[in-house]
Amino acid sequence: MSQPVELQLRYFASVREAVGTGAESWTSQAATVAGLRDELIARGGAWAQSLARCRAVRVAVDQVLQQDESAALRPGAEIAFFPPVTGG
């Protein structure tokens with residue numbers, strides 16, 4: 001566990017619809033994006049369902065798409081969660 005950091009969380013598309021908000025401030029104890037995701041899953045309810053590990057969810061830190069969730073969190077960072085984009 002690391003020092004708590006204040007983050008700005010953004011939710012898009014089906015994730016936003018599931019959790020009922022597009023944005024919130026969150027104080028996290030996590031050191032990485034993976035830890036943050038686990039914290040949010042631990043909230044239960046819509047967060048557990050929409051961010052579950054078995055679901056395909058993309059994550060961006062300060063508008064940079066993350067290929068894995070080992071990115072470190074810094075105070076004030078914007079973390080965005082959204083479903084993969086499909087199209088045709």
Side-chain angles (χ1 to χ4, degrees):
M1 189 172 292
S2 63
Q3 293 291 325
V5 293
E6 184 75 19
L7 303 169
Q8 300 303 311
L9 305 182
R10 305 279 185 241
Y11 307 104
F12 294 93
S14 62
V15 178
R16 178 181 62 211
E17 292 172 16
V19 301
T21 185
E24 67 176 322
S25 295
W26 178 261
T27 302
S28 177
Q29 297 287 328
T32 64
V33 170
L36 169 63
R37 188 170 174 178
D38 289 340
E39 279 183 354
L40 296 172
I41 290 169
R43 294 172 86 175
W47 282 271
Q49 291 179 355
S50 61
L51 299 175
R53 293 285 174 196
C54 62
R55 301 202 57 160
V57 176
R58 308 294 300 264
V59 180
V61 177
D62 293 330
Q63 301 182 9
V64 176
L65 186 64
Q66 301 299 303
Q67 296 302 315
D68 64 49
E69 296 184 359
S70 64
L73 299 176
R74 64 164 187 75
E78 177 188 87
I79 314 299
F81 295 94
F82 49 95
V85 176
T86 61

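Computed from a predicted structure; not experimentally measured.
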Exercise for the section: Determine the minimum heavy-atom distance between Arg53 and Asp38, stating which atoms define it. Expected result: NH2-OD1, 2.8 Å
Problem - Ser25 side chain reached by Gln8 side chain, heavy atoms, under 4.5 Å - result: yes
Fill in the blank from the handout: All heavy atoms of Ala23 vs all of Arg10, minimum pair found to be CB-NH1, 2.9 Å
Completion exercise
Members sharing Ile79's hydrophobic cluster, built from side-chain contacts under 4.5 Å between Ile, Leu, Val, Met, Phe, Trp and Tyr, are Val5, Leu7, Leu9, Tyr11, Val15, Val19, Trp26, Val33, Leu36, Leu40, Ile41, Trp47, Leu51, Val57, Val59, Val61, Leu73, Phe81
Handout entry: Minimum heavy-atom distance Ala18-Ala46, with the two atoms named
Key = O-CB, 3.0 Å
Handout entry: Rounded distance (nearest 0.5 Å) linking atom CZ of Arg74 with atom CD of Glu6
Key = 12.5 Å
Practice task
State whether the side chain of Glu24 and the backbone N or O of Gly22 hold a donor-acceptor pair below 3.5 Å, judged by distance alone.
Solution key: no
Handout entry: Expected output: side-chain Glu39 to main-chain Ser28 donor-acceptor under 3.5 Å
Key = no
Practice task
Sequence neighbours left out, what passes side-chain contact (heavy atoms from CB on, under 4.5 Å) with Ala52? Give chain and number order.
Solution key: Cys54, Arg55
Handout entry: Rounded distance (nearest 0.5 Å) linking atom CD of Glu17 with atom OG of Ser50
Key = 11.0 Å
